[in-house]
Number of protein chains: 2
Amino acid sequence: MQRLRAGQPVFHQGDPARRVFMLTLGSLKIYTLLGDGRRQVTGFMFPGDFLGISVEGEYAFTIEALQQSELWWFSREAFDSFIETHPSIERELYRMAAHELAAAQRQMVLLGRKNAAERLASFFLELLKREQTIAGSMAQSFDLPMSRLDIADYLGLTKETVSRMLAELRGRGLIRLERQNRVEVLERERLEEVAAGNDEG
Amino acid sequence: MQRLRAGQPVFHQGDPARRVFMLTLGSLKIYTLLGDGRRQVTGFMFPGDFLGISVEGEYAFTIEALQQSELWWFSREAFDSFIETHPSIERELYRMAAHELAAAQRQMVLLGRKNAAERLASFFLELLKREQTIAGSMAQSFDLPMSRLDIADYLGLTKETVSRMLAELRGRGLIRLERQNRVEVLERERLEEVAAGNDEG
DNA sequence: CGGTCGCTTGACGGGCTTCAAATAGCGTGG
DNA sequence: CCACGCTATTTGAAGCCCGTCAAGCGACCG
């Protein structure tokens with residue numbers, strides 16, 4: 001078990017990929033850096049999420065805690081032998097990878113073809129959906145454990161543009177900020193329309 | 001076995017996901033449409049590529065032939081029972097999914113943080129690498145079975161921008177067009193630099 | 001209450017898109 | 001085999017969305 005404080009890295013881009021882990025508490029960000037410092041956040045992790053080893057060799061990304069977090073490590077060998085004795089796990093791994101792939105495809109659509117407002121609306125709906133699977137479908141608000149810059153780097157924008165789109169969604173009455181890091185969704189259907197690009201109103 | 005001519009769909013976004021297939025000849029494009037017609041190509045398929053069922057329910061994308069192609073279908077049931085009798089396949093499936101995930105992450109970096117020239121250079125290097133694994137590492141050119149519009153929709157650009165960046169890479173002597181749909185790489189290292197964003201020359 | 005850091009807001013500029021037109025490529029039929 | 005016509009690609013000009021730079025504001029913490 002490993003405890004992490006906000007900002008602490010789990011591992012770095014370029015480290016040899018030897019272990020796998022499951023997040024049990026808190027939240028993490030996954031990001032890749034380009035040579036000149038540009039950054040793309042390719043995903044966030046929440047409790048229950050598992051990180052296997054995608055490819056032999058080195059990690060292609062860095063993972064960092066967004067807040068106080070806890071995770072459980074397994075050595076690659078221990079994990080492999082666990083799989084040997086529980087072959088049904090393999091199917092479960094495949095299923096998880098398939099879901100991640102589907103999410104990655106949605107993110108490619110977002111990054112390739114959606115405008116700034118659509119990106120932020122899509123992101124909020126993703127977080128709302130997650131909140132509802134955990135807290136029940138009546139939940140209408142959720143936390144933002146990540147900074148505006150993290151959101152920007154996830155959505156392929158700048159922090160300024162994230163701020164402006166936030167202000168726009170707020171101004172149109174679709175969301176409300178309970179605190180700086182907590183969003184309440186006031187008009188889910190209209191938010192869905194913005195996210196989908198059907199937003200000529 | 002199914003033969004396809006250029007432009008023919010394999011299946012459409014929204015079709016129930018019941019079967020899996022392997023491409024044996026030709027090439028395919030995978031794309032998602034937004035409500036207003038915007039399109040994101042999330043990948044291309046080449047001989048040997050396999051498409052499993054990522055998520056229960058409906059396909060989230062359309063697949064279409066780029067040229068005359070051939071593929072082999074398996075019903076989901078046949079495929080599942082094949083897996084039952086060959087459990088080692090499961091690990092192979094997982095490995096494939098993991099590679100696709102790694103590719104998806106690279107594409108997210110491209111779409112989120114690279115400029116137009118970097119995107120096109122990255123794409124060409126991806127195709128060159130593929131060509132070299134097939135034809136040998138001395139290969140310096142490759143075909144573009146897809147249109148400029150397909151490339152644009154893969155890279156999150158417009159076809160005009162793709163044309164302009166093509167002209168720029170050509171003008172700088174990094175590539176040459178043998179024909180409209182065949183690219184020769186003249187300066188691989190410089191192309192790598194452009195792709196990585198280390199290009200202040 | 002002061003200081004710091006993150007967030008918001010404003011003004012301006014640039015890279016890519018949009019709209020438009022010219023050119024090239026390619027299959028078809030004479 | 002060549003001319004024709006259609007479509008894809010290239011090139012040009014103008015505009016816009018978002019990025020960049022800068023300043024002001026607010027939240028959190030000691």
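Protein chains get the first letters and strands the later ones, always in sequence-line order, with residue 1 at the start of each.
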Measure CZ/A/Arg148 against C1'/C/dT9 and give the value in whole Å, please.
14 Å
Please report, rounded to the nearest Å, how far the P atom of D/dT10 is from the NZ atom of B/Lys159.
11 Å
For the pair B/Arg119 (side chain) and B/Leu155 (backbone), establish whether a donor and an acceptor sit closer than 3.5 Å, ignoring hydrogens and angles.
yes
Counting only side-chain N and O atoms of B/Thr161, is one of them less than 4.0 Å from OP1 or OP2 of C/dT17?
yes
Which nucleotide in D/dT11, C/dC7, D/dG19 has an atom nearest any side-chain atom of B/Ala167:
D/dT11
Do you know which two heavy atoms are closest between B/Ala65 and B/Leu4, and how far apart they sit?
CB-CB, 3.9 Å
What residue among A/Lys29, A/Arg38, A/Arg39 forms side chain to side chain donor-acceptor pair (under 3.5 Å) with A/Asp153?
A/Arg39
Measure the distance from CG on B/Asp36 to C1' on C/dT18 and round it to the nearest whole Å.
15 Å
Decide yes or no, distance alone: a donor-acceptor N/O pair under 3.5 angstrom between the base of D/dC18 and the side-chain of A/Glu160.
no
Looking at the side chain of B/Asn181, which of D/dC21, C/dC16, D/dT9 is the nearest nucleotide?
D/dT9
Quick check: closest heavy atoms across A/Pro16 and A/Tyr59, and the distance to 0.1 Å?
O-CE1, 3.5 Å
Whole-Å gap separating P (D/dT9) and CZ (B/Arg182):
17 Å
If I take atom CG in residue A/Leu166 and atom C1' in nucleotide C/dC7, what distance separates them, rounded to the nearest angstrom?
10 Å
Rounded distance (Å) that lies between atom C1' of D/dG26 and atom CZ of A/Arg179:
15 Å
With sugar-phosphate meaning primed atoms plus P, OP1 and OP2, does B/Arg164 contact a base, only sugar-phosphate, or nothing at under 4.0 Å between heavy atoms?
base
Here's a test of your reading of the structure: between A/Ala117 and A/Gln180, which maps to the more 5' nucleotide of DNA chain D?
A/Ala117
Nearest to side-chain heavy atoms of B/Leu157, which nucleotide of C/dT17, D/dT11, D/dA27:
C/dT17
Write down the distance between CG (A/Leu149) and P (D/dT20), rounded to a whole number of angstrom.
12 Å
Given C/dC19, C/dT17, D/dC18, which nucleotide is nearest the side-chain atoms of B/Thr158?
C/dT17
Round to the nearest Å and state the distance from A/Glu168 atom CD to D/dC17 atom C1'.
12 Å
Charged N to carboxylate O under 4.0 angstrom, A/Glu126 versus A/Arg130?
no
Under 4.0 Å between any heavy atoms, over every strand shown, what does B/Ser163 touch: base, sugar-phosphate, or nothing? Just pick one.
base
